[in-house]
Number of protein chains: 2
Amino acid sequence: MTRMHKENNLSKNQQIIFDLIDKSPEPLKAYTILFNVQKKGINAPPQVYRALDKLVEIGKIHKIESKNAFVACKNSDCEISKATAFSICESCEMVDEISDTKLSKYLSSFNHKKGMKFKRFNLEFFGICKKCK
Amino acid sequence: MTRMHKENNLSKNQQIIFDLIDKSPEPLKAYTILFNVQKKGINAPPQVYRALDKLVEIGKIHKIESKNAFVACKNSDCEISKATAFSICESCEMVDEISDTKLSKYLSSFNHKKGMKFKRFNLEFFGICKKCK
DNA sequence: TTAGAATTGTTATAATATAACAGTATGTAA
DNA sequence: TTACATACTGTTATATTATAACAATTCTAA
Ligand SMILES: [Zn+2]
Ligand SMILES: [Zn+2]
Ligand SMILES: [Zn+2]
Ligand SMILES: [Zn+2]
């Protein structure tokens with residue numbers, strides 16, 4: 001029993017949690033996820049965090065660091081999460097993943113004066129969205 | 001007693017906590033700060049978090065969101081924290097504030113396709129620093 | 001088929017952050 | 001100077017976010 005869902009490489013818990021995040025219009029927090037998947041047999045925080053860690057690692061979801069919340073990747077898995085950018089409304093908390101090739105290229109090729117070579121970046125923009133204006 | 005330190009606008013607790021962060025070579029976490037200021041009479045988390053909130057608000061320190069840790073601003077208070085960028089070593093955890101006018105201007109003038117006007121951004125670059133190479 | 005790797009289930013606990021309430025200090029303006 | 005508003009402080013308790021540790025099962029590939 002408890003078969004892997006080979007069609008997309010996700011395990012049972014990973015799939016359940018990804019589906020929940022993917023269909024949510026807003027970022028979900030770990031314990032919100034936990035409460036919502038208890039009916040499916042996921043009972044404890046480590047089960048949620050392990051799935052989240054894996055989903056982040058493979059680029060299916062991203063963590064919004066300023067909110068401790070998770071969103072599904074809308075951008076063909078962001079080259080496995082090496083270059084992420086988000087717009088965040090400070091009023092309604094809505095989060096949108098920004099897909100802008102120019103921005104991504106500009107930042108990916110940005111080099112630190114101190115000679116550090118970057119492997120990854122995360123950018124969070126804050127403002128008031130159209131709806132909230 | 002407990003006079004305001006008017007020379008720089010910081011209250012007693014704010015000054016104690018700012019001094020600690022400012023002289024630290026690395027980001028400090030809230031409870032690390034708490035342990036280090038208990039000898040100065042700051043005993044409880046809310047005292048630390050209130051000072052941190054204020055210091056962030058006035059741009060004296062920044063929160064490194066991916067680490068839940070705080071660093072002093074090295075950049076004339078970043079126009080009150082509207083535009084922050086950091087480089088973070090994934091090996092030694094060192095954090096450097098990036099001061100790059102071009103980068104800052106580029107991002108400050110970046111406009112979202114969906115019409116949202118940004119007021120603020122935070123950017124975190126990750127890599128391996130020179131020392132750790 | 002069998003050994004290693006990945007995943008799961010479970011209990012307990014660590015680490016991060018805030019609520020709520022009471023009191024004190026400071027600046028301003030009548 | 002008094003009175004008021006604002007900011008800051010102290011304190012206890014609690015909420016929220018995340019991980020440690022261990023045992024078992026399932027998957028994968030040789
Ligand atoms: Zn993405
Ligand atoms: Zn909004
Ligand atoms: Zn700064
Ligand atoms: Zn390093």
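In what follows, chains carry the letters A, B, and so on, assigned in the order in which the sequence lines appear, proteins first and then strands, with residues in each chain numbered from 1.
To the nearest 0.5 Å, atoms CG (L20(B)) and CD1 (I61(B)) are separated by 10.5 Å. Separation of atoms CG (N43(A)) and CG (L34(A)) is listed at 8.0 Å; rounding is to 0.5 Å.
In this structure, Y106(B) and K102(A) have side chains that are in contact, with non-hydrogen atoms separated by less than 4.5 Å. Between S108(B) and K105(B) there is no side-chain heavy-atom pair separated by less than 4.5 Å. Between C129(A) and C92(A) there is a side-chain heavy-atom pair separated by less than 4.5 Å. Residues V71(B) and D96(B) form no side-chain contact, since every pair of their non-hydrogen atoms from C-beta on lies 4.5 Å or further apart. Within the 4.5 Å cutoff, no side-chain heavy atoms of H62(B) are placed close to those of F70(B).
For the pair F70(A) CZ and dT16(D) P, the interatomic distance rounds to 17 Å; values are reported in whole Å. Distance, D53(B) CG to dC8(D) P: 11 Å, rounded to whole Å. Protein atom CG of N13(B) is 17 Å distant from nucleotide atom P of dA7(D), rounded to whole Å. Residue E57(B) contributes atom CD, which lies 11 Å from atom C1' of dA7(D) at whole-angstrom precision. Rounding to whole angstrom units, CG of residue L52(B) and C1' of dA17(C) are separated by 11 Å. A straight line from NZ of K54(A) to P of dT19(D) spans 16 Å, rounded to a whole angstrom. When rounded to the nearest whole Å, the span between CG of L10(A) and P of dA6(C) equals 15 Å. Across the protein-nucleic acid pair, L34(B) atom CG and dT16(C) atom P stand 11 Å apart, rounded to whole Å.
Distance from the side chain of K12(B) is smallest for dT9(D) among the nucleotides dT9(D), dT19(D), dG9(C). Among the nucleotides dT9(D), dA17(C), dT8(C), the one closest to any side-chain atom of Q14(B) is dT9(D).
One finds no salt bridge joining E124(B) and K67(B) here, because no Lys/Arg side-chain nitrogen approaches an Asp/Glu carboxylate oxygen to under 4.0 Å.
Sorted by residue number, the list of members of residues 17-30 of chain A with any non-hydrogen atom under 4.0 Å from DNA chain C is empty. Remark: N43(B), A44(B), P46(B), Q47(B) in residues 36-47 of chain B come within less than 4.0 Å of DNA chain D through at least one heavy atom.
Proximity of the aromatic rings of F86(A) and F125(A) is defined here by a centroid distance below 6.0 angstrom, and this criterion is not met.
In this model, no side-chain donor or acceptor of Y31(A) finds a partner on the base of dA15(D) within 3.5 Å.
The side chain of S11(A) places an N or O atom within less than 4.0 Å of a non-bridging phosphate oxygen (OP1 or OP2) of dT8(C). Contact annotation: Y49(B) side-chain N/O to dT18(C) OP1/OP2 distance is not under 4.0 Å.
Across all strands, K67(B) comes closer than 4.0 Å to no nucleic acid atom at all (heavy-atom distances).
Legend: salt bridge (charged side-chain N to carboxylate O under 4.0 Å, His left out) pairs involving residues 21-31 of chain A, not counting sequence neighbours, sorted by first then second residue: D22(A)-K74(A).
Each of N68(B) and R50(B) was assigned the nucleotide of DNA chain C with the nearest heavy atom; the assignment lying further toward the 5' end belongs to N68(B).
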